[in-house]
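If you're wondering where the values come from, they're calculated on a predicted model, not measured in any experiment. Residue numbers start from 1 in every chain, and the chains themselves are labelled A, B, ... in the order their sequence lines are given, proteins ahead of strands. What's counted below: heavy atoms across the whole structure, side chains too, no hydrogens, waters or symmetry copies.
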Protein chains: 2
Amino acid sequence: MSIDSKKILTYQKEFGKQLKKIRLSKKMSQLDLAASCDLEKTSISRIENGRTNTTLKTMIIISEALNVNIYELFDFEI
Amino acid sequence: MSIDSKKILTYQKEFGKQLKKIRLSKKMSQLDLAASCDLEKTSISRIENGRTNTTLKTMIIISEALNVNIYELFDFEI
DNA sequence: CATAGGGTAAGCATATATGTCAACAATTAA
DNA sequence: TTAATTGTTGACATATATGCTTACCCTATG
């Protein structure tokens with residue numbers, strides 16, 4: 001039995017919230033973050049709102065720009 | 001200044017190694033894992049060998065099938 | 001009122017992850 | 001040898017992430 005898509009969406013949203021939380025703790029705007037990791041502000045917004053199923057590559061790029069270990073992006077309860 | 005693609009590939013490979021390590025610790029074959037999370041064995045192989053830039057959704061599905069928290073997939077040094 | 005900053009969103013193009021199927025290699029066992 | 005298990009790889013189709021542009025909504029500030 002496989003995981004249902006509702007749970008995936010919930011997880012995506014929580015991941016986005018966690019990203020936003022870390023970004024704000026660094027006092028960066030979405031534009032700041034986008035600029036410092038060469039991603040589009042549109043993409044940052046999509047990720048933070050759980051409207052996209054982001055990739056490992058993007059996670060790595062973002063965590064480097066935020067100066068956090070990537071697993072901090074997963075430091076939340078579901 | 002952005003992260004270089006060599007580092008991304010290195011990270012992908014390490015992620016794959018970590019996945020393989022966890023899978024083997026659970027005494028599962030790639031086929032076992034594929035079956036238990038309804039992914040293709042081809043996809044599991046591609047991920048474990050760092051030949052693909054996998055997604056959050058796939059990470060979630062795999063971590064559920066392995067009964068580990070998703071951040072365990074990132075418990076490695078780069 | 002206007003302007004600026006922060007964020008969201010639609011639309012389209014391009015790149016690529018995964019599904020799917022087939023083939024193949026290596027290992028183990030009979 | 002043959003057969004089974006495990007894993008890898010190529011090719012193609014489909015789905016979708018991101019780049020990119022434009023436009024919009026708020027809020028604050030002039």
Side-chain angles (χ1 to χ4, degrees), chain A residues 1-66 68 70 73-74, chain B residues 1-66 70 73-74 76:
Chain A
M1 176 175 53
S2 194
I3 192 170
D4 65 279
S5 55
K6 200 174 298 185
K7 184 156 186 178
I8 298 290
L9 290 182
T10 299
Y11 209 109
Q12 277 185 194
K13 282 187 186 300
E14 289 303 315
F15 178 84
K17 281 191 201 170
Q18 177 70 4
L19 167 55
K20 180 171 187 173
K21 183 176 153 190
I22 297 175
R23 173 178 61 79
L24 292 176
S25 79
K26 306 282 181 173
K27 307 207 184 307
M28 297 171 80
S29 67
Q30 287 184 352
L31 190 57
D32 292 333
L33 177 57
S36 74
C37 61
D38 210 28
L39 288 174
E40 290 295 320
K41 64 172 184 164
T42 299
S43 299
I44 303 293
S45 175
R46 281 188 288 225
I47 295 167
E48 286 193 358
N49 288 284
R51 288 176 21 250
T52 201
N53 168 28
T54 195
T55 68
L56 177 58
K57 177 177 174 178
T58 302
M59 292 174 194
I60 297 166
I61 290 172
I62 289 177
S63 63
E64 294 267 339
L66 290 171
V68 298
I70 194 170
L73 292 172
F74 294 98
Chain B
M1 175 176 52
S2 193
I3 194 170
D4 65 281
S5 56
K6 200 174 297 184
K7 184 157 188 179
I8 298 290
L9 290 182
T10 299
Y11 209 110
Q12 277 186 194
K13 283 187 186 300
E14 289 304 314
F15 179 84
K17 282 190 199 170
Q18 178 70 4
L19 167 55
K20 180 173 187 173
K21 183 177 153 191
I22 297 175
R23 173 178 59 80
L24 291 177
S25 78
K26 306 282 182 172
K27 306 209 184 306
M28 297 172 79
S29 67
Q30 287 186 353
L31 190 58
D32 291 334
L33 177 56
S36 73
C37 58
D38 209 27
L39 288 174
E40 289 295 319
K41 62 174 184 159
T42 299
S43 300
I44 303 292
S45 175
R46 284 187 285 224
I47 295 166
E48 287 194 358
N49 288 283
R51 287 176 24 252
T52 201
N53 168 28
T54 195
T55 69
L56 177 59
K57 177 178 174 177
T58 302
M59 293 174 194
I60 297 166
I61 290 172
I62 288 177
S63 64
E64 294 267 340
L66 290 171
I70 194 170
L73 292 172
F74 294 98
F76 57 86

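In the set dG7(D), dG19(C), dT18(D), the nucleotide with an atom closest to the side chain of T55(A) is dT18(D). In this structure, of dT8(C), dG19(C), dG7(C), it is dT8(C) that holds the atom nearest to the side chain of S45(A). The side chain of T42(A) approaches dA9(C) more closely than any other nucleotide in the set dA9(C), dT18(C), dG7(D). Side-chain atoms of T58(B) lie closest to dT18(C) of the nucleotides dG7(C), dC21(C), dT18(C). Side chain of S29(B), nearest nucleotide from dG19(C), dT18(D), dG7(D): dG7(D).
For D32(B) and dG7(D), the CG to C1' distance is 13 Å, given to the nearest whole Å. Rounded to whole angstrom, the span from the NZ atom of K20(B) across to the P atom of dT8(D) amounts to 6 Å. The nearest whole Å value for the distance from the CD1 atom in I61(A) to the C1' atom in dA17(D) is 12 Å. Between E40(A) atom CD and dA10(C) atom P there is a gap of 17 Å when expressed in whole angstrom units. Nucleotide dA15(D) holds its P atom 12 Å from the NZ atom of K57(B), rounded to whole Å. Following rounding to the nearest Å, F15(B) (CZ) and dA17(C) (P) show an atom-to-atom distance of 13 Å. Counting to the nearest Å, the P atom of dA22(C) and the NZ atom of K41(B) are 12 Å from each other. Remark: C1' of dT9(D) and CD of E48(B) are 15 Å apart, rounded to the nearest angstrom.
For N53(B) and dA17(C), the shortest distance from a side-chain N or O to OP1 or OP2 is below 4.0 Å. Distances shorter than 4.0 Å separate none of the side-chain N or O atoms of Q30(A) from OP1 or OP2 on dG5(C). Regarding contacts with the backbone of dA17(C), a side-chain N or O of T52(B) is found under 4.0 angstrom from either OP1 or OP2. Taking only side-chain nitrogens and oxygens, N49(B) never comes nearer than 4.0 Å to OP1 or OP2 of dG7(D).
Checked by distance alone, R46(B) brings a side-chain donor or acceptor within 3.5 Å of a matching partner on the base of dG19(C).
When heavy atoms are screened at a 4.0 angstrom cut-off, R51(A) is found touching the sugar-phosphate backbone but no base atom. Within 4.0 Å of I44(B), counting heavy atoms only, lies no atom of the nucleic acid at all.
Classification of the F15(B)-F76(B) ring pair by plane angle, with boundaries at 30° and 60°, yields perpendicular.
Judged purely by atom type and a 3.5 angstrom limit, Q12(A) has no side-chain atom pairing as donor or acceptor with the backbone of R51(A). Under a 3.5 Å cut-off, the side chain of T10(B) and the backbone N or O of K6(B) do form a donor-acceptor pair.
In terms of heavy atoms, L33(A) sits closest to R23(A) at CD2-CD, 4.0 Å. Counting all heavy atoms, side chain and backbone alike, I62(A) lies closest to C37(A) at CG1-SG, 4.4 Å.
Nearest-nucleotide positions on DNA chain D place L31(B) closer to the 5' end than the other of L31(B) and S43(A).
Counting non-hydrogen atoms of other residues, nucleotides and ligands closer than 6.0 Å to NZ of K26(A) gives a total above 12.
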